[in-house]
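I have placed the structure first, in the form of structure tokens, so that the comments after it can refer back to it.
Lettering follows sequence order; numbering is per chain, from 1.
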Amino acid sequence: MKPSDLSTLPPGVPEALEDEGVEELYPPQAEAVEAGVADGESVVASVPTASGKTLIAELAMLSAVQRGGKALYIVPLRALASEKKAEFERWEEFGVDVGVSTGNYESDGEWLASRDVIVATSEKVDSLVRNGAAWVDDLTCVVSDEVHLVDDSHRGPTLEVTLAKLRRVNPGLQVVALSATVGNADEVADWLDADLVQSDWRPIDLKTGVHYGNAVNFDDGSQREVPVGTGEKQTESLVADALDERIDGQGGSSLVFVNSRRNAEGAAKRMAEVTSRRLDAGEKNDLRELAAEIRDVSDADTSEDLARCVEKGAAFHHAGLASEHRSLVEDAFRDRLVKCICATPTLAAGVNTPARRVIVRDWKRYDGEFGGMKPLDTLEVHQMMGRAGRPGLDPYGEAILLAKDRDTMDELFERYLWAEPEAVRSKLAAEPALRTHVLATVASGFATSREGLLDFLDRTLYASQTDDDARLAEVTDRVLEYLEVNGFLDREGGSLTATGIGHTVSRLYLDPMSAAEIIDGLEAAEADAESLRQSPADRQSGGRDAEGVDAGVTAGETGFVTGNELAASSGADGGGDGRGGEDAGDGSGRAGGAGGTERTVTPLGLYHLVSRTPDMYQLYLKSGDRETYEEEFYEREGEFLGHAPSEFEDVAFEEWLSALKTARLLEDWASELDEDRIAERYGVGPGDIHGKVDTAEWLLGAAERLSAELDLDSTIAVREARKRVEYGVGEELLDLAGVRGLGRKRARRLHEAGIETRADLREADKPVVLGALRGRRRTAERVLENVGRKDPSMDGVRKDAGASAAATAAVEGDDEGGQATFGDFS
DNA sequence: ATGTTAGTCATCTAGACAGCATGTC
DNA sequence: CTAGATGACTAACAT
């Protein structure tokens with residue numbers, strides 16, 4: 001079958017496909033067409049990675065648009081959303097507009113309504129449905145990429161419920177589900193009332209095998225001699241072997257999957273020795289430039305370590321990397337500059353990074369719940385192996401597992417090479433998942449009674465997979481109870497309605513349990529504030545958590561003291577610690593139960609509040625941390641909002657402490673501590689810092705909304721805490737840091753130069769501004785423009801050396817030396 | 001005295017979605 | 001039921 005046989009695509013598209021080199025559809029694609037993907041029929045395509053799934057989706061979406069419809073492409077990751085958008089944008093010349101919507105990158109609602117194809121993450125789609133985005137009703141085609149992720153216990157239910165909702169809103173909806181090869185694609189197809197297209201066909205041959213002794217034993221019976229040299233390990237030998245096998249003059253790149261970040265970094269360091277011996281002068285030069293770019297991204301140790309590997313032609317890849325690091329590494333790997341990446345599973349599910357050879361070094365991974373090293377799922381290993389084979393570059397791909405002994409080799413063959421991947425199983429009938437989705441389902445009007453709810457849930461994959469209806473009903477009832485007790489739902493007679501706050505929680509996309517925690521914490525603070533105004537006798541509990549009230553005490557006059565003073569304006573001690581000082585009214589220690597402590601809402605209290613929420617993935621307590629944070633806990637006891645567990649409640653106390661660790665990270669961030677210092681202090685990478693900050697920003701935003709809606713006094717304090725996290729600055733920089741073009745560092749330098757507010761900036765002497773911004777004219781002009789200065793031009797202005805020197809001394813770890821330089825690099 | 005090696009012990013563990021609202025004397 | 005690589009530290013031993 002050829003593209004020109006497809007009559008339902010927009011005019012010009014078949015020709016364009018042929019120009020791209022698609023002369024003949026791949027067998028699975030042809031099969032999908034026969035099943036009617038291009039005619040509005042629902043299809044589940046369960047085929048290997050890189051065998052043309054995207055084209056199947058494109059045929060569905062383009063023909064839907066040609067019929068006057070609108071298509072949605074659901075992805076599991078934000079990074080994939082931008083990748084797909086870029087890919088689909090080539091259809092714009094045929095009149096097909098593409099839009100993206102993720103939490104990060106939001107095109108506004110109305111604009112999206114005008115797009116023909118929209119790419120979004122499943123959570124974003126869920127959120128859009130909850131918020132009643134009008135264009136959802138216009139959808140005629142939905143593509144769900146990587147549907148096998150419905151098996152994921154955390155995010156799977158969202159996808160499942162979202163698909164059910166979309167189908168309910170629009171009964172004629174075409175659903176195209178793209179899946180890796182799984183054990184039960186037929187069940188997924190049944191659930192979606194779709195035709196099943198199943199195939200093992202791959203455009204590039206994939207050879208899979210196990211390395212043991214001095215050879216790779218492939219599953220087709222062939223062998224490849226790969227001796228392990230003295231002092232070398234299996235991985236080294238295999239990476240070297242791939243590089244030494246020149247095809248069209250090019251050595252092959254390798255992707256090594258390992259089970260921890262540390263292993264990824266360690267392996268990359270060793271592989272760098274292998275790759276560095278096989279680079280030509282040009283490559284060495286390019287790699288040096290790349291390494292410089294990497295060092296430019298951040299000052300953290302990871303950055304330096306990565307740069308050192310990259311200089312030698314290898315790299316590591318895991319979630320601790322800043323996203324800039326990740327894309328630099330991915331791009332360089334695709335450009336064949338970086339010869340080997342050692343990665344955690346980030347890369348298996350992420351953007352497209354094919355390699356000639358994939359080495360799955362570790363096939364077990366630590367799992368706390370399991371209580372030890374757990375073998376990876378067959379599906380997961382298959383996903384990794386599927387990265388082997390670069391279309392157009394390699395004649396075939398190789399995926400190799402490593403065995404140290406015969407028994408292991410046999411086990412690997414059985415478990416991963418000969419085995420069918422697992423069946424996907426819905427994880428919907430778990431309380432955390434239902435808590436969220438039951439509330440959302442009621443709040444957005446998909447159900448108005450318990451029966452209606454169960455009826456809706458009956459449209460999910462879970463229902464289609466289970467015989468035990470009672471279980472779902474039982475969990476649902478527990479969840480309904482929880483939601484009612486916490487004031488998110490009303491049950492009257494048989495009918496269910498969301499309360500005002502319930503609606504808000506649903507729209508904010510919060511886990512109801514997070515919302516309850518936040519509300520409890522804020523109300524406990526409120527109750528304390530209340531007690532300041534009333535005599536202790538008629539103090540009454542306004543909080544849900546009555547016990548929380550006792551934690552606070554009377555005193556003082558002020559309702560709330562907000563924000564930490566930045567320690568000694570950080571210039572004096574060169575930002576050595578950067579940690580915020582204690583609040584003025586708060587340094588005198590706490591007088592146990594005797595009262596006399598002033599209860600205030602501090603940023604730390606709020607950071608802790610959101611950090612102990614189930615929506616925040618907490619930092620892990622390392623050895624020694626327990627003592628550190630226990631001490632910190634007692635020192636800052638008065639800042640916590642709500643009722644702290646006693647140290648005898650083991651699990652709860654431990655969680656409180658790890659939330660404290662997370663909160664301290666946020667506090668450090670909001671006190672302008674340098675990224676590398678934070679990374680060092682908490683044992684995390686730049687990527688983790690950004691992740692925490694990002695989540696905190698979102699949760700504090702939600703807390704702000706809740707606070708406002710409940711008319712609590714803490715709203716202002718929450719807003720300020722949120723902004724401090726958002727900009728990563730101390731209280732006194734909030735005004736300045738809001739200006740576009742001014743980050744935490746520049747704002748601090750301006751402040752040190754005596755420019756403390758936007759108003760100051762509009763009046764300030766240009767030489768001083770220029771000096772504080774290190775003589776970067778373009779930057780200075782842009783900043784002045786953004787702050788609304790009438791005459792932003794820096795022409796002929798010489799920077800004030802004094803301001804520059806002062807500012808430079810004030811900010812630790814700056815990119816230029818202490819002396820003034822005159823370059824303009826902006 | 002100094003360098004080398006083998007053995008012991010404690011430490012630590014993958015990933016990543018979401019709200020809101022944008023600016024000015 | 002169900003961990004194991006890593007790196008710091010140490011003891012024993014060779015030069």
How far apart are the C-alpha atoms of A:D305 and A:T302, what are their side-chain angles, what is the distance that settles it, and do they pass the side chain to side chain donor-acceptor pair (under 3.5 Å) test?
-> CA-CA 5 Å; A:D305 293 345; A:T302 16; over 6 Å; no
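A:R78 comes within contact range of the sugar-phosphate backbone alone, with a heavy-atom separation under 4.0 Å but no base atom that close. Within 4.0 Å of A:E704, counting heavy atoms only, lies no atom of the nucleic acid at all. A:D694 comes within 4.0 angstrom of no nucleic acid atom, judged by non-hydrogen atoms across all strands. At a threshold of 4.0 angstrom between heavy atoms, the contacts of A:A702 with the nucleic acid are absent. Heavy atoms of A:R626 sit nowhere under 4.0 angstrom from any nucleic acid atom. The residue A:L510 sits apart from the nucleic acid: no heavy atom pair falls under 4.0 Å. A:G701 comes within contact range of at least one nucleobase, with a heavy-atom separation under 4.0 Å. As judged by a 4.0 angstrom heavy-atom cut-off over every strand, A:R789 is placed among residues making no nucleic acid contact.
Contact check for A:Y620 versus A:K622: side-chain heavy atoms found under the 4.5 Å cut-off.
One finds no side-chain N or O of A:S127 lying less than 4.0 angstrom from the OP1 or OP2 phosphate oxygen of B:dC17. Here A:R762 reaches the OP1 or OP2 of B:dC25: one of its side-chain N or O atoms lies under 4.0 Å away. Within the structure, a side-chain polar atom (N or O) of A:K404 is placed less than 4.0 Å from OP1 or OP2 of C:dA5. Residue A:Y617 places none of its side-chain N or O atoms closer than 4.0 Å to OP1 or OP2 of B:dG15. For B:dG19, one of the phosphate oxygens OP1 or OP2 lies less than 4.0 angstrom from a side-chain nitrogen or oxygen of A:K124. Phosphate proximity of B:dA18 to A:R507: absent, as no side-chain N or O sits under 4.0 Å from OP1 or OP2. Regarding contacts with the backbone of B:dA18, a side-chain N or O of A:T121 is found under 4.0 angstrom from either OP1 or OP2.
Taking every side-chain heavy atom of A:D615 into account, B:dA18 is the closest of C:dA5, B:dA18, B:dC20. Taking only side-chain atoms of A:S260, from C-beta outward, the nucleotide of B:dA18, B:dT13, B:dA16 with the closest atom is B:dT13. Considering only side-chain atoms of A:P345, the nucleotide from B:dA18, B:dA14, C:dA5 that sits closest is B:dA14.
Two residues, A:T346 and A:L699, neighbour DNA chain B, and the one matched to the more 5' nucleotide by heavy-atom proximity is A:T346. Position along DNA chain B of the nearest nucleotide to A:A319 versus A:S623 favours A:S623 as the more 5'-ward residue.
For the P atoms, the distance linking C:dT6 with B:dA14 amounts to 14 Å, nearest Å.
Per the geometry, CD belonging to A:E265 stands 12 Å off P belonging to B:dT13, to the nearest Å. For the pair A:E411 CD and C:dT2 P, the computed distance is 13 Å after rounding to whole Å. For the pair A:R261 CZ and B:dT13 C1', the interatomic distance rounds to 10 Å; values are reported in whole Å. To the nearest angstrom, P of B:dA21 lies 16 Å from CH2 of A:W698. We find that NZ of A:K269 is positioned 18 Å from P of C:dA5, with the value rounded to whole Å. Between the CZ atom of A:R262 and the P atom of C:dG4 there is a distance of 16 Å, given to the nearest Å. Atom CD in A:E123 sits about 4 Å away from atom C1' in B:dC17, given to the nearest Å. Straight-line distance from the CG atom of A:D735 to the C1' atom of B:dG23: 14 Å, rounded to whole Å.
For A:R612 and A:E655, the salt-bridge test fails: no basic side-chain N is under 4.0 Å from an acidic carboxylate O.
Non-hydrogen atoms lying under 4.0 Å from DNA chain B are contributed by A:D152, A:H154, A:R155, all within residues 150-159 of chain A. Within residues 361-369 of chain A, the residues having any heavy atom under 4.0 Å from DNA chain B are, by residue number, A:R365, A:Y366.
Side chain to side chain, A:D405 and A:T408 meet the donor-acceptor criterion of an N or O pair below 3.5 Å.
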Determine which bases of DNA chain C form Watson-Crick or G-U wobble pairs with both distances under 3.5 Å, and write the result as a 5' to 3' dot-bracket string with | for other-strand partners.
-> ..|||||||||||||
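Of all the heavy atoms in A:V610 and A:M616, the pair that sits closest is O-CB, 3.5 Å.
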